[in-house]
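Note: hydrogens, waters and symmetry copies are ignored here, and every other heavy atom, side chains too, is used. Computed from a predicted structure; not experimentally measured.
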Amino acid sequence: MDRIENPIPQIRETLAAKSDAKTIAATYRFFKENETLKTYGVKAAEVGKIAKESFQLVKAYPKQTIFELCETLWQSGYLEEMTLACDWSESLHKQFEPADLALFEHWLSDYVSNWATCDTLCNHTIGYFLMKYPDEIAKLKLWTKSPNRWLRRGAAVSLIIPARKGLFLNDILEIADQLLLDKEDMVQKGYGWMLKAASMSESFVKGSDAVKKQHLEAVFNFVIKNKAIMPRTALRYAIEKMPEEMRGQAMVR
């Protein structure tokens, strides 16, 4: 990377110039349990715009160089810089290779400290990776056993977008079963959200109503089977979009 212009100083100047005291206060209030989080205080919409504009500065670089720049952004600890790193890595999804999952796991394990960066990385970068390399879902099942709650949440939320497309139902139910009794609120919400996405399957191609019904019933049956021991938080997330009659049955202990 020595002979390639590093755009990060310029990006940091842009973020600092967009800083807003009210946004700083709101961010720290929103993530009050996270003592290590740093923020410039830039609104999410503006961060998204900066991410897209700044990627134009690096998109011609080799993938490995962009990943190295992402690593620098992750290391900063700033919410906005980590969001940019997620956006840049997602933009490289057509170039993903199986070995890239180890890097994504490193970012998730070593740098993620809140649900926002967890979900931004997992929903998009890792979600697209898994749709390209479905055999790698086996790695997610190992994450469910990790002492790191963000890896455990990541095991579920990495499958949100595939779930909406009607993919990987059996793996989703297996991961939900592995996380079933997790005591962490963030993990319960994560796998509940994954189950909700699988039950909706909103992105199925037209004419697949029978498959939609099959997935809804599979998630419903999982909830009914486990509702006596399933944490209430996970259960409520899982059934949120189900028909009223199903929700009523699921809520009866």
Side-chain angles (χ1 to χ4, degrees), residues 1-16 18 36-40 42 44 46-143 146 148 150-162 165 167-168:
M1 203 172 77
D2 293 342
R3 294 187 297 276
I4 295 178
E5 183 177 354
N6 183 352
I8 291 179
Q10 177 184 338
I11 291 168
R12 286 172 174 165
E13 287 181 10
T14 302
L15 288 168
K18 299 287 185 180
T36 63
L37 184 72
K38 296 186 287 187
T39 181
Y40 288 92
V42 181
E46 188 65 34
V47 174
K49 180 181 177 182
I50 293 170
K52 286 179 172 51
E53 291 175 350
S54 62
F55 186 71
Q56 298 306 308
L57 302 174
V58 302
K59 68 178 184 179
Y61 294 178
K63 182 186 74 170
Q64 187 57 40
T65 298
I66 299 175
F67 279 166
E68 289 173 10
L69 291 168
C70 288
E71 178 77 18
T72 299
L73 292 168
W74 277 109
Q75 288 173 351
S76 75
Y78 276 90
L79 180 63
E80 294 87 351
E81 292 193 32
M82 293 187 287
T83 300
L84 260 68
C86 293
D87 190 277
W88 286 9
S89 59
E90 177 192 354
S91 296
L92 296 171
H93 67 271
K94 291 182 180 179
Q95 300 181 47
F96 286 169
E97 301 170 276
D100 293 334
L101 185 57
L103 177 63
F104 304 152
E105 180 178 347
H106 155 60
W107 291 343
L108 180 58
S109 176
D110 295 339
Y111 299 132
V112 166
S113 62
N114 60 79
W115 62 264
T117 47
C118 177
D119 296 356
T120 304
L121 174 63
C122 293
N123 283 178
H124 303 286
T125 296
I126 300 179
Y128 284 123
F129 173 89
L130 294 170
M131 286 189 286
K132 190 171 184 178
Y133 300 108
D135 288 348
E136 298 299 321
I137 292 175
K139 300 281 179 59
L140 269 60
K141 296 170 186 177
L142 299 178
W143 294 1
S146 172
N148 184 319
W150 302 117
L151 279 172
R152 300 200 309 278
R153 180 180 171 94
V157 300
S158 294
L159 292 174
I160 297 296
I161 291 178
K165 295 180 180 295
L167 300 173
F168 312 142

| remark: One should read off an interatomic distance between Asn123 CG and Ile161 CD1, to the nearest 0.5 angstrom, of 5.5 Å

| Is there a side-chain contact between Leu92 and Tyr128, using heavy atoms and a 4.5 Å cut-off? | no

| said: Tell me every residue that passes side-chain contact (heavy atoms from CB on, under 4.5 Å) with Ala156, counting only those two or more places apart in sequence or in another chain. | reply: Leu179, Tyr191, Met194

| Any His93 side-chain heavy atom under 4.5 Å of Phe129 side chain | no

| message | Just so I know, are the side chains of Ser109 and Trp150 near enough to count as touching, which here means a heavy-atom distance under 4.5 Å? | response | no

| said: Testing the basics here: between Phe168 and Met131, what is the closest heavy-atom pair and its distance to 0.1 Å? | reply: CZ-CA, 4.3 Å

| Taking all non-hydrogen atoms of both residues, which atom of Trp88 and which atom of Ser54 are closest, and how far apart? | NE1-OG, 3.2 Å

| task | State whether the side chain of Lys139 and the backbone N or O of Leu101 hold a donor-acceptor pair below 3.5 Å, judged by distance alone. | result | no

| request: Output the distance between atom CG (Leu79) and atom CG (Leu84), rounded to the nearest 0.5 Å. | output: 10.5 Å

| task | Could you tell me which residues satisfy side chain to side chain donor-acceptor pair (under 3.5 Å) with Lys38, sequence neighbours excluded, listed by chain and number? | result | none

| remark: Taken in chain and number order and not counting sequence neighbours, the residues that satisfy side chain to side chain donor-acceptor pair (under 3.5 Å) with Thr117 are Asn114

| task | Working to the nearest 0.5 Å, report the span between CG of Leu167 and CD1 of Ile137. | result | 8.5 Å

| query | Rounded to the nearest 0.5 Å, what separation is found between the OG1 atom of Thr39 and the CE atom of Met82? | reply | 9.0 Å

| request: Just jot down the side-chain contact (heavy atoms from CB on, under 4.5 Å) partners of Thr120, sequence neighbours excluded, or say none. | output: Cys86

| query | In Å and rounded to the nearest 0.5 Å, what is the CD to CG distance from Gln64 to Leu69? | reply | 10.5 Å

| field | Results of side-chain contact (heavy atoms from CB on, under 4.5 Å) for Asp110 - residues two or more places apart only | value | His106

| request: Give the minimum heavy-atom separation between Gly154 and Cys118, together with the two atoms involved. | output: N-SG, 4.2 Å

| Sequence neighbours excluded, which residues qualify as side-chain contact (heavy atoms from CB on, under 4.5 Å) partners of Lys132? | Phe96

| Atom of Glu81, atom of Tyr40 and distance for their closest heavy-atom approach | OE2-OH, 2.5 Å

| Is a salt bridge present between Lys18 and Glu80, judged by a nitrogen-to-oxygen distance below 4.0 Å? | no

| query | Should we count NZ of Lys141 as having more than 12 external heavy atoms under 6.0 Å? | reply | yes

| message | Determine whether Val112 and Arg153 satisfy the following criterion, side chain to side chain contact (heavy atoms under 4.5 Å, CB included), listing intermediate values before the conclusion. | response | CA-CA 11 Å; Val112 166; Arg153 180 180 171 94; over 6 Å; no

| Are the side chains of Asp100 and Tyr133 in touch, meaning some heavy atoms are under 4.5 Å apart? | no

| Which heavy atom of Ala85 sits nearest a heavy atom of Cys70, and at what distance? | O-SG, 3.6 Å

| request: Of all the heavy-atom pairs spanning Asn6 and Ile8, show the shortest one and how long it is. | output: OD1-N, 2.9 Å

| message | With a 4.5 Å cut-off on side-chain heavy atoms, are Ser158 and Phe104 touching? | response | no

| task | Kindly indicate whether the side chain of Glu105, heavy atoms from C-beta on, has any atom under 4.5 Å from the side chain of Trp143. | result | yes

| Are Thr14 and Glu53 close enough that some pair of their side-chain heavy atoms sits under 4.5 Å apart? | no

| message | For Lys63, I'd like to know if atom NZ has over 12 heavy atoms of other residues, nucleotides or ligands within 6.0 Å. | response | yes

| Please walk me through it: do Leu103 and Glu71 pass side chain to side chain contact (heavy atoms under 4.5 Å, CB included)? | CA-CA 9 Å; Leu103 177 63; Glu71 178 77 18; 4.1 Å; yes

| remark: Rounded to the nearest 0.5 Å, the CD atom of Glu13 sits from the CD atom of Gln10 at a distance of 7.5 Å

| Beyond-backbone contact of Leu15 with Tyr78, side-chain heavy atoms, under 4.5 angstrom | no

